[in-house]
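Throughout, a chain's letter reflects where its sequence line sits, starting with A, and its residues are numbered from 1.
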Number of protein chains: 2
Amino acid sequence: MKHTTIKDVASKLNVSVSTVSRAFNDKYDIRTETKELVLKTAKEMGYRPNPIARKLIQQRSLNFGIIVPEFVNSFFPEVIIGAQEVLLAEGYQVLIMQSNESSETEMKNVDTMVDNMVDGLIVSLTCENENIEKYKELIASEMPIVFFNRVVDDLPASKVVFDDYKWAFFATEHLLVQGHTDIVHLSGPKNLLLSKNRSQGFDAAHRKHKIPVGRKIPCGFSMEEGERVALDLIKKDEVPTAIFAASDPGAIGAMKVFKDHGYAIPKDIAIVGFSESSLAEHIAPPLTSVSQPTRDIGQTAAKLLLEQIDTKGLFVPQTIVLNGRLNVRESSMKV
Amino acid sequence: MKHTTIKDVASKLNVSVSTVSRAFNDKYDIRTETKELVLKTAKEMGYRPNPIARKLIQQRSLNFGIIVPEFVNSFFPEVIIGAQEVLLAEGYQVLIMQSNESSETEMKNVDTMVDNMVDGLIVSLTCENENIEKYKELIASEMPIVFFNRVVDDLPASKVVFDDYKWAFFATEHLLVQGHTDIVHLSGPKNLLLSKNRSQGFDAAHRKHKIPVGRKIPCGFSMEEGERVALDLIKKDEVPTAIFAASDPGAIGAMKVFKDHGYAIPKDIAIVGFSESSLAEHIAPPLTSVSQPTRDIGQTAAKLLLEQIDTKGLFVPQTIVLNGRLNVRESSMKV
DNA sequence: ACCGTTTACGGGAACGTTTCCGGTAATGAT
DNA sequence: ATCATTACCGGAAACGTTCCCGTAAACGGT
């Protein structure tokens, strides 16, 4: 691994290091003729500028970092792909880290990214969500950063979010319209803004239809959590006629348990999920769910970040709200 | 973003830069007393050694790179998590890149990783698989690298793979035992070793049971591909009584199309997949599939890499074959 | 012919570390 | 008391770039 350096190609051509550097950064102060010569022989010698050294002197890396809480479900990978699309096109490379829903590793990830001098960060918070101070410092120190999906209220940064309130409203209303009056909401982690919003949408739909607001049970974003809650409901003999879960995995876990215990879906219990995991349309019965524009979320976040870097200084954080749709499927259909 | 540097803490304590550096690295040549003082005030000042500068001088990064062809399905994320578990524990950070099944971006990813001086690489090849020469050069230049899952024969590197032959054999035999004599194999991308192995397992099972080997149709690792192939079979009126797909998404895509066209699963067509995506047990009907020890694959690859780095030089590439199991579910059950 | 301006390039400092090479004071042996 | 050894620490080069500054040549105008 002996990298050929800029000096090697300089001495080979009997030019100065500066000239070679200029050829690669195609600035002024170089004759196109020599520039092409340099570029040509550099290629022959297999020379590529060392980005480490470049980062050190320029204090920037042409890298962006994306930090997500998990990527076993397809949601985050899809967002990442969207962000990559626009970032790669602009000549940036994208570093991905996952914090495994742990605030601690999330913080380590952030440190690693900062230490590696990424030019900006795209992050979705973990459920634990204990690093807000850290992020405030980061933002204060002018690190460009945009949050998506998992955001909190009081961070002065750009955010791209989904209109959770609205779509939770629609999802709930869909159940109410079918005649359900006993809907249980499996709400998300309580310190996430999106949980609050979805919960409020749930409430609003009830109010509109003048039906007492249903029960709410905290439930994490995993199948296991959904299973746990469903089991609990069965055990306590408090099974409702419908469930609106704040996540698809939660909905699917619950559905599995109910099915296993002899409940018919949607006849005995109607179920609606949220987030449109790739599972939704393939499970039995197909799951009604709110789909989010994953790729679009990633793209928008990336664009926001680029914009923020361009307008450095005179920039105001903005929040972009994206639209979705409710995919009605068998799991919530009136029989 | 004004990093406090080593100089800042040195001048604050009226010691030399070397001393501070020693406090952070070596144990010799420094009094434990001063070492602790340095460490303490460094922490107070919020100083962290700049890894960029360190990389530049040391020519190593304490970073490892993982390159996967995609991560929309849960297979690769799970492998990554496994690898991270062991690598993080050893003090390394893990950089992840996805090549989107494109050899070109795969190559760019490799370049980025190398340029960023990762100490080693864990990679699973794209289907296109056109960078073998590139990898040969890399290996020749002594870059530690281990391949997994998507490997090719003639790369002199460590590999951790799955016994595709064996499990394809079992999966096929499972169908044969149920009395199927007309099984179509949706084979994977042809330049991947695993495709060949699964295909040969398919053959072997037929031979053992003295039944003519069934048809084979090339089929990519995506639902769309599965749908395409299934549609084609229906159109040509060549629908078999059973299908053994080399991937779960392929199997699921096909299943969807068959169901949509009125075929009953498993009554009209039995289906077996491969890879145990998280979908398998939740779709309708639940999909029989070969499950791979994803996390274990990641861990093993990581360990192999660490080992290779420790025994630098006197190291021989080894291939580790991991075991799996066949999860028999409704999609292939005799009715 | 003279002077200012432009063009093209070289020299060298700087980025933040690590690490080798010395040097000084303290320690131990003789 | 002298000398060799040890324990700590400082100075400075090096890693591979970028970029500011300086300057020689070429050029144009008077």
Side-chain angles (χ1 to χ4, degrees), chain A residues 1-39 41-42 45-63 91 93 111-112 114-119, chain B residues 1-39 41-42 45-63 91 93 111-112 114-119:
Chain A
M1 274 285 73
K2 45 179 180 304
H3 267 106
T4 56
T5 83
I6 199 173
K7 285 177 194 163
D8 298 331
V9 14
S11 64
K12 172 140 190 174
L13 285 175
N14 281 328
V15 297
S16 75
V17 179
S18 324
T19 310
V20 180
S21 175
R22 269 189 280 261
F24 271 89
N25 297 315
D26 64 359
K27 287 269 180 62
Y28 47 96
D29 267 15
I30 188 167
R31 205 167 34 175
T32 49
E33 186 181 332
T34 52
K35 174 178 166 180
E36 282 162 9
L37 177 63
V38 169
L39 254 31
T41 56
M45 299 176 67
Y47 166 74
R48 285 196 312 271
N50 183 330
I52 305 274
R54 176 180 286 172
K55 282 185 220 187
L56 188 58
I57 186 98
Q58 294 191 144
Q59 305 285 52
R60 65 195 294 253
S61 63
L62 287 179
N63 283 161
Q93 288 288 351
D111 283 346
T112 306
V114 171
D115 288 347
N116 279 282
M117 295 183 180
V118 292
D119 298 336
Chain B
M1 278 287 69
K2 44 178 179 306
H3 267 104
T4 57
T5 82
I6 198 172
K7 286 178 193 164
D8 298 331
V9 15
S11 64
K12 172 139 189 174
L13 286 174
N14 281 328
V15 298
S16 75
V17 180
S18 325
T19 311
V20 181
S21 175
R22 269 189 280 260
F24 274 89
N25 303 307
D26 309 333
K27 32 274 177 186
Y28 57 93
D29 266 17
I30 188 168
R31 205 168 32 178
T32 48
E33 187 181 333
T34 52
K35 176 176 169 179
E36 281 162 10
L37 177 65
V38 169
L39 254 30
T41 55
M45 300 177 66
Y47 166 74
R48 286 198 310 271
N50 183 330
I52 304 275
R54 177 180 286 173
K55 281 184 223 187
L56 188 57
I57 188 102
Q58 292 191 148
Q59 306 283 52
R60 64 193 293 251
S61 64
L62 287 180
N63 283 161
Q93 288 288 352
D111 283 346
T112 305
V114 172
D115 288 348
N116 279 282
M117 293 183 183
V118 291
D119 298 336

Of the listed nucleotides (dT19(C), dT18(D), dG10(D)), which one gets closest to any side-chain atom of Val15(B)? dG10(D)
Starting from C1' on dC15(D), measure out to CG on Leu56(B) and report it in whole angstrom. 4 Å
Interatomic distance where CD1 belongs to Ile6(B) and P belongs to dG16(C) [whole Å]: 11 Å
Rounded to whole angstroms, how far apart are CG on Asn50(A) and C1' on dC15(C)? 13 Å
Which protein N or O atoms sit under 3.5 Å from an N or O of nucleotides 20-25 of chain C?
none

Please report the distance, rounded to the nearest Å, between CD1 in Ile52(A) and P in dA14(C). 23 Å
Among dT18(C), dT17(C), dT17(D), which is the nearest nucleotide to the side chain of Lys7(B)? dT17(C)
What nucleotide among dT17(C), dA8(C), dA14(C) has an atom nearest to a side-chain atom of Val17(B)? dT17(C)
Euclidean distance, atom CG of residue Leu13(A) to atom P of dC9(C) [Å, nearest integer]: 12 Å
Let's see if you can work this out: which of dC9(D), dT18(D), dT18(C) has an atom nearest to the side-chain heavy atoms of Ile57(B)? dT18(C)
Separation of Ile30(A) atom CD1 from dC19(D) atom P, in whole Å? 14 Å
dG16(D), dT17(C), dC9(D): which one has an atom nearest the side-chain heavy atoms of Tyr47(B)? dT17(C)
Counting C-beta onward and ignoring hydrogens, is there a side-chain heavy-atom pair between Val38(A) and Leu13(A) closer than 4.5 Å? yes
Does NZ in Lys35(B) sit with more than 12 non-hydrogen atoms of other residues, nucleotides or ligands closer than 6.0 Å? yes
Is there any protein nitrogen or oxygen under 3.5 Å from a nitrogen or oxygen in nucleotides 24-28 of chain D, and what are the pairs?
none

If you look at every strand shown and take non-hydrogen atoms under 4.0 Å, does Ser21(B) touch a base, only sugar-phosphate, or nothing? base
Is the side chain of Asp119(B) donor-acceptor paired with the backbone N or O of Ser61(B) at a distance under 3.5 Å, no angle test? yes
Verify the distance criterion only: is there a donor paired with an acceptor across the side chains of Thr19(B) and Ser16(B) at less than 3.5 Å? yes
Which pair of heavy atoms, one from Val17(B) and one from Ile6(B), lies closest together, and at what distance? CG1-CG2, 3.5 Å
Please determine, for the side chain of Gln59(A), which listed nucleotide (dA14(D), dC15(C), dC9(C)) has the closest atom? dC15(C)
Identify whether any heavy atom of Arg60(A) sits under 4.0 Å from a base atom; if not, whether one sits that close to sugar-phosphate; answer base, sugar-phosphate or nothing. nothing
